[in-house]
**Q** 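Structure in structure tokens, see below.
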Amino acid sequence: HFDARGRAERSSLAAPPADPPVTMATNEVEEAVKRINSHKGVLGILIVNNDGIPIKTTLEPAETVQHAALVTHFAKKTKGVIKALDPDNELTFVRVRSKKHEILIAPDVDYTLVVLQNPQ
Amino acid sequence: FSSPVVVVSRTARRTESLGPRRARVSSVAMSEVEATLQRINGHKGVLGTIIVNEDGEAVRATTVCDKNGVPVADQNAVVKQMADLLPALASMARNMVRDLDPSNDLRFLRIRSKDHEIMVHADTEFTLIVIQNPAAAE
């Protein structure tokens with residue numbers, strides 16, 4: 001397909017294939033999880049996707065499901081608050097400190113990393 | 001971040017039985033509040049502090065600045081917005097903590113974003129909100 005100037009118009013045939021989504025190599029993920037998990041005080045790590053489905057966890061299954069649901073919901077609300085305060089701003093990190101431990105939430109585009117640690 | 005502000009003790013409240021809600025606080029307690037607020041606000045990197053009462057009204061607020069130290073254009077709007085949104089978020093955080101473990105309780109909430117870090121301490125009577133430069137935490 002060419003327009004009047006002879007330049008190729010965008011078409012699914014002419015356009016280059018879309019870049020494949022950036023995925024960390026599995027072993028990189030494993031390395032990162034291992035590294036975080038080996039920190040003193042870390043009780044567990046959980047990685048959830050945008051639907052709140054846990055895709056990596058060092059917690060027990062029951063804990064995983066519970067945390068995935070509650071933390072994802074809370075992270076969404078927090079994101080909403082930050083956006084409501086200023087649409088140009090972006091949430092980068094949340095720390096929920098409780099009596100017994102601390103929940104660290106690091107949201108990213110496709111995944112959210114959740115770490116449970118004993119506060120020192 | 002130092003220990004939470006104990007702004008009004010239950011006994012101070014009881015001594016004032018008449019007058020509008022805000023006047024319940026004794027003048028001695030209020031000057032302690034002021035002093036503490038100034039101390040917190042004087043910390044390097046702090047962009048603003050807000051105290052919200054249990055009715056969701058901001059009872060004390062220092063000038064809220066952006067991360068470059070420039071006061072935000074509409075102070076009232078930003079204070080009101082934070083007073084509306086943050087105590088509710090802290091409640092949600094508390095519920096999440098309690099749902100995960102009924103014997104646990106929320107102590108503190110830190111929300112870090114590109115432009116600032118908001119720290120929230122919520123108890124039954126007041127919510128203390130401190131806004132600081134995200135780099136100040138380093």
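Values reported hereafter were calculated over all heavy atoms of this structure, with side chains retained and with hydrogens, waters and symmetry mates removed. Bear in mind the structure is a predicted one, so any value in this text is a computation, not a measurement. Protein chains get the first letters and strands the later ones, always in sequence-line order, with residue 1 at the start of each.
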**Q** Check for a donor-acceptor pair, side chain of A:Glu90 on one end and backbone N or O of B:Ser113 on the other, with a separation under 3.5 Å.
**A** no
**Q** Establish whether B:Val79 and A:Ile82 are linked, either directly or via other cluster members, by ILVMFWY side-chain heavy-atom contacts under 4.5 Å.
**A** yes
**Q** Hey, is the main chain of B:Arg112 close enough, under 3.5 Å, to the side chain of A:Thr92 for a donor-acceptor pair?
**A** yes
**Q** According to a 4.5 Å side-chain heavy-atom criterion applied to Ile, Leu, Val, Met, Phe, Trp and Tyr, with indirect links allowed, do A:Val71 and A:Val96 form part of one hydrophobic cluster?
**A** yes
**Q** Are A:Leu46 and A:Ile103 in one and the same hydrophobic cluster, where Ile, Leu, Val, Met, Phe, Trp and Tyr link if side-chain heavy atoms are under 4.5 Å apart?
**A** yes
**Q** Measuring heavy-atom distances to chain A, does B:Asn95 have an atom under 4.5 Å in its side chain, in its backbone, in both, or in neither?
**A** neither
**Q** Could you tell me if the side chain of A:Arg95 sits less than 4.5 Å from the side chain of B:Leu109, heavy atoms only?
**A** no
**Q** Can you measure from CG (B:Asp101) to CD (A:Gln66) and round to the nearest 0.5 angstrom?
**A** 9.0 Å
**Q** Would you call B:Met92 and A:Thr78 a side-chain contact if the rule is heavy atoms closer than 4.5 Å?
**A** no
**Q** Are B:Phe108 and A:Val81 linked, directly or through intermediate hydrophobic residues, by side-chain heavy-atom contacts shorter than 4.5 Å (ILVMFWY only)?
**A** no
**Q** Considering all heavy atoms of both residues, which atom of B:Leu89 and which atom of A:Phe74 are nearest to each other, and what is their separation?
**A** O-CE1, 3.6 Å
**Q** Does any heavy atom of chain B fall under 4.5 Å from the side chain of A:Leu91, the backbone, both, or neither of them?
**A** both
**Q** Is the count of non-hydrogen atoms from other residues, nucleotides or ligands lying under 6.0 Å from B:Asn68 atom CG greater than 12?
**A** yes
**Q** Quick check on B:Lys114: does its NZ atom have over 12 non-hydrogen neighbours (other residues, nucleotides or ligands) under 6.0 Å away?
**A** yes
**Q** Under the side-chain contact (heavy atoms from CB on, under 4.5 Å) rule, what do A:His101 and B:Asn104 come out as? Steps first, then yes or no, please.
**A** CA-CA 9 Å; A:His101 53 241; B:Asn104 202 359; 3.9 Å; yes
**Q** Flag the pair B:Val97 / A:Leu70 as yes when at least one side-chain heavy-atom distance between them is below 4.5 Å, and no otherwise.
**A** no
**Q** Assess the residue pair B:Arg110 and A:Val94 against the criterion (side-chain contact (heavy atoms from CB on, under 4.5 Å)); give the C-alpha distance rounded to whole Å, side-chain angles, the decisive distance to 0.1 Å, and a yes or no.
**A** CA-CA 6 Å; B:Arg110 289 173 98 119; A:Val94 190; over 6 Å; no
**Q** What heavy-atom pair brings A:Arg97 and B:Leu106 nearest, and what distance separates the two atoms?
**A** O-CD1, 3.6 Å
**Q** Does one side chain, of B:Ser103 or A:Lys99, offer a donor that lies under 3.5 Å from an acceptor on the other?
**A** no
**Q** Does B:Ile111 share a hydrophobic cluster with B:Val72, counting links as ILVMFWY side-chain heavy atoms below 4.5 Å and allowing steps through other members?
**A** yes
**Q** Counting only heavy atoms not in A:Lys100 (residues, nucleotides, ligands), do more than 12 fall under 6.0 Å from its NZ?
**A** yes
**Q** Indicate the atoms forming the closest heavy-atom contact of A:Asn89 with B:Asp115, along with that distance.
**A** OD1-N, 3.1 Å
**Q** Using non-hydrogen atoms only, which part of A:Asp86 is less than 4.5 Å away from chain B: side chain, backbone, both, or neither?
**A** side chain
